[in-house]
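Below: the structure, in structure tokens.
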Protein chains: 2
Amino acid sequence: MKKKITLKHIAKELDVSISTVSKAIKDSEEISLETRQKVQAFAKLYNYKPNNIALSLKNRKTKNIAVIIPEIVHHFFTTVISGIEKVANKGGYNVIVCLSDESFDKEVINMEMLANGSIDGFIISLTKETQQRRDFYHLQEVINQGMPLVMFDRVADEIVCDKVVIDDVDGAYKAVKYLLDTGCKRIALISTVDYVSVGKLRTEGYMLALKESGVDIDDSLILKIEDIEKCDEVIQQLFEEKDFDAVFAVNEIFAVTAMKIAQRKGLKVPHDMSFVGFTDGLLSRYATPSLTTVVQHGLEIGERAAKMLIKKLDEEVEEETYSTEIVQTTLITRESTKNKR
Amino acid sequence: MKKKITLKHIAKELDVSISTVSKAIKDSEEISLETRQKVQAFAKLYNYKPNNIALSLKNRKTKNIAVIIPEIVHHFFTTVISGIEKVANKGGYNVIVCLSDESFDKEVINMEMLANGSIDGFIISLTKETQQRRDFYHLQEVINQGMPLVMFDRVADEIVCDKVVIDDVDGAYKAVKYLLDTGCKRIALISTVDYVSVGKLRTEGYMLALKESGVDIDDSLILKIEDIEKCDEVIQQLFEEKDFDAVFAVNEIFAVTAMKIAQRKGLKVPHDMSFVGFTDGLLSRYATPSLTTVVQHGLEIGERAAKMLIKKLDEEVEEETYSTEIVQTTLITRESTKNKR
DNA sequence: GTGAAAGCGCTAACAC
DNA sequence: GTGTTAGCGCTTTCAC
């Protein structure tokens, strides 16, 4: 078992000083050709690689970026991570992934731990709990320390920093508009509770589309679900009590669950009822019938977030300017909706 | 913008030496109560936190573990990561996630980069390419340097190290046995190419179950798919050319794709044809009809892998003993198969 | 052309 | 009780 070799070992072995070795390996003109070759040959032979930690300490940068997300078993977040990874690796950065598990405390602990030198910057999507409490002290703290932070998707307006979001209002608007255009009259909305920023925004988009088309908003057709585990029964109840001919859901699971309930009740999709979801994951693609949905382009969100962060990291820009990038959504029409006339 | 504070700052401010500060913060008996209190108060006031990088350099351990997986947009891998995260965080470790993107080169580069001090150990599932080439030099290299490595799911028998796998043969066996027990006679297998270890093992399980029940193996009912993107047409072709009454697929996507094709052809599931998949992701749960599948318990795999790694890391065991843990699979029966008689 | 020395932030053995 | 020193692995300035 040969342990990692250091400059010191090489220096001793070759009977030169550490600094000579360091320079020789960098092929510095300062060192005689002979010494350089000798050192380089030796280094190659023993597969010398500089120690990242020592470099980090010396340079005061780690070349690591942290991504903090509430959940990883989730199509949207994994595509975002893919995008971040891609850009980060190209820029020579590693990605440290931390799961906050939708817990405010874990989010805080993870950030504090990582902020102490382990990483150069953060990319984060907030937990529901954080959004509900509106307690952003830990985020402000990190920013105050001069560490760049980029927020995506579930962001906090109160915090001034770079952000990447999708136009949730517009995405929902497009979805509902499409339903109206295909002749649907009474459109139910299955959303999350309001403190989840994206749920709220998508609800706004829904209302906007209805208002614009002169359709009265019937609050009893709006379902706000807190616990995704129990969505089945809550949606079931909506079907029992209300009458509607289309459903717009703010995520795949709500959409597919609703669609299955409709089918169980003998309704034909999209003939009797149309469905539109949000997020283009496997579920939407492979559902029967396949689901019309609003595509979030997670990969692009990840790429943009990573680019913004790395720009701040590499450029040493002194003037603090922050921007919010908006990634446009796309509506993919599939079998769960009728054709536009 | 207040930069991070160091021991040095505190020492200067309080006019004591750095080591006094260090000891005082650790509440060492060596230091007078008065000084301790003074230092601790100051440290708290300025929110002093030791620099992780300096600690890493000093202690020669980073408290980071790297997870290298081929793909993250994949239910199985994300559940494994969740399991790893859970155990790692509890043990005070951070998780660095790297995607090899099914590329041998990326796998090698990632490992080399991280092995130079950034992390204390690896958890890895190999890329298809690595399994095909059987080139494990980079893995052996890491092990030779004395860095612990745990492989999971897609492992290499040639490498001696800790491993966590599922019993793929048995999982497939159970699936096919179940199909036979419910009266299926001609069972098609939709698998991956053989060099993917899990595909090969599941194929073995399929054959075992058939042989054991005295059913002749019809090679023409075995489909080995290389490119998941094109699975639709290949499976379609199987349906055109062959006759069978059940399908066992080695993943969710193949299973659901086959089921959709069957339905398009007017077959009733499970009345005319039964389906069993592998991996219990959203797809299996929300497919119509829902899919009977072999559950891999990714969370447990992740937890076990992390436990094995951390044990090696924390315990400084000198005697090198390696083990392979096998996580049992479970067959979940849903609507895509008939009831057992 | 080569090497000594300082320093990144921290710890710990050893002096005083 | 407190401070000095050395060292983790590396870079870089400045002597020689």
Side-chain angles (χ1 to χ4, degrees), chain A residues 3-40 42-43 46-64 113-120 145-147, chain B residues 3-40 42-43 46-64 113-120 145-147:
Chain A
K3 277 276 168 197
K4 288 250 87 167
I5 195 169
T6 67
L7 291 185
K8 201 173 166 183
H9 295 135
I10 302 182
K12 188 152 62 170
E13 209 64 38
L14 264 41
D15 207 33
V16 290
S17 78
I18 294 178
S19 51
T20 302
V21 177
S22 173
K23 290 169 190 163
I25 284 178
K26 305 204 143 37
D27 214 31
S28 157
E29 293 291 337
E30 260 186 273
I31 307 297
S32 73
L33 191 60
E34 192 193 5
T35 312
R36 265 187 276 166
Q37 288 175 339
K38 191 175 62 179
V39 171
Q40 286 170 11
F42 191 92
Y46 285 92
N47 192 29
Y48 169 79
K49 295 275 170 52
N51 179 310
N52 291 331
I53 296 293
L55 289 179
S56 295
L57 187 58
K58 182 79 190 157
N59 303 331
R60 271 99 156 284
K61 50 179 67 171
T62 62
K63 286 288 183 175
N64 288 155
M113 160 137 293
L114 292 168
N116 298 317
S118 303
I119 58 145
D120 298 338
Q145 280 169 26
M147 181 168 287
Chain B
K3 278 275 167 196
K4 288 248 88 168
I5 195 169
T6 68
L7 291 185
K8 201 171 162 183
H9 296 136
I10 304 182
K12 187 153 63 171
E13 209 64 38
L14 264 40
D15 207 31
V16 290
S17 79
I18 294 179
S19 56
T20 301
V21 176
S22 174
K23 289 169 189 163
I25 284 178
K26 306 203 144 36
D27 213 31
S28 158
E29 294 293 336
E30 262 186 90
I31 307 297
S32 72
L33 191 61
E34 190 193 7
T35 312
R36 268 187 274 164
Q37 288 175 339
K38 190 175 63 178
V39 171
Q40 286 170 13
F42 192 92
Y46 285 93
N47 193 27
Y48 169 79
K49 294 275 169 51
N51 179 310
N52 291 330
I53 295 293
L55 289 179
S56 294
L57 186 59
K58 181 87 189 140
N59 303 331
R60 271 94 158 286
K61 51 179 67 171
T62 62
K63 285 288 185 176
N64 289 154
M113 160 137 295
L114 293 168
N116 298 316
S118 304
I119 57 145
D120 297 338
Q145 279 169 24
M147 182 168 287

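Note: hydrogens, waters and symmetry copies are ignored here, and every other heavy atom, side chains too, is used.
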| query | On DNA chain D, nearest-nucleotide positions of B:Asp15 versus A:Leu57: which is more 5'? | reply | B:Asp15
| task | Please work out which residues in residues 24-35 of chain A have a non-hydrogen atom less than 4.0 Å from an atom of DNA chain D and list them by number. | result | A:Lys26, A:Glu30
| note | Smallest heavy-atom separation, B:Ile31 atom then B:Arg36 atom, equals O-NE, 3.0 Å
| Taking only residues two or more places apart in sequence or in another chain, which ones pass side-chain contact (heavy atoms from CB on, under 4.5 Å) with B:Asn64? | B:Thr62, B:Asn94, B:Ile96, B:Ile119
| Taking atom NZ of B:Lys38 and atom CG of B:Asp15, what is their separation to the nearest 0.5 Å? | 8.0 Å
| Can you find a pair of side-chain heavy atoms, one from B:Asn47 and one from B:Ile5, that are under 4.5 Å apart? | no
| Which atom names give the shortest non-hydrogen contact between A:Asp120 and A:Lys63, and what distance separates them? | OD2-N, 2.7 Å
| query | How large an angle, rounded to 10°, do the end axes of the helix from C:dG1-D:dC16 to C:dC16-D:dG1 enclose when each is built from five base pairs? | reply | 70°
| So which heavy atom on A:Leu55 is nearest to which on A:Pro50, and how close? | CD1-CB, 4.0 Å
| Of all nucleotides in DNA chain C with an atom under 4.0 Å from a non-hydrogen atom of chain A, which is the first and which the last going 5' to 3'? | C:dG1 to C:dG9
Show me the donor-acceptor pairs within less than 3.5 Å that the side chains of residues 21-29 of chain A make with the rest of the protein, sequence neighbours left out.
unit_1: A:Lys23; atom_1: NZ; unit_2: A:Glu30; atom_2: OE2; d: 3.4
unit_1: A:Asp27; atom_1: OD1; unit_2: A:Gln40; atom_2: NE2; d: 2.8
unit_1: A:Ser28; atom_1: OG; unit_2: A:Glu30; atom_2: N; d: 3.1

| query | Does the A:Asn52 side chain pair with the main chain of B:Met113, one donor and one acceptor, at a distance under 3.5 Å? | reply | yes
| message | Is the shortest side-chain heavy-atom distance between A:Val39 and A:Tyr48 below 4.5 Å? | response | no
| Looking across every strand, which nucleic acid part, if any, lies under 4.0 Å from A:Lys8 by heavy atom: base, sugar-phosphate, or nothing? | sugar-phosphate
| What distance do A:Tyr46 atom OH and A:His9 atom NE2 have between them, rounded to the nearest 0.5 Å? | 11.5 Å
| message | Once you apply a heavy-atom cut-off of 4.0 Å, does A:Thr20 come out as touching a base, just sugar-phosphate, or nothing? | response | base
| message | Please identify the 5'-most and 3'-most nucleotides of DNA chain D with any atom under 4.0 angstrom from a heavy atom of chain A. | response | D:dC8 to D:dC14
| What is the nucleic acid contact for A:Thr6, judged by heavy atoms within less than 4.0 Å: base, sugar-phosphate only, or nothing? | sugar-phosphate
| field | Residue pair A:Asn51, A:Lys4: steps toward the side chain to side chain contact (heavy atoms under 4.5 Å, CB included) verdict | value | CA-CA 9 Å; A:Asn51 179 310; A:Lys4 288 250 87 167; over 6 Å; no
| message | Just verifying a value: how many Å separate A:Asn116 CG and A:Met147 CE, rounded to the nearest 0.5 Å? | response | 8.5 Å
| query | So with a 6.0 Å cut-off around NZ of A:Lys12, is the heavy-atom count from everything else above 12? | reply | no
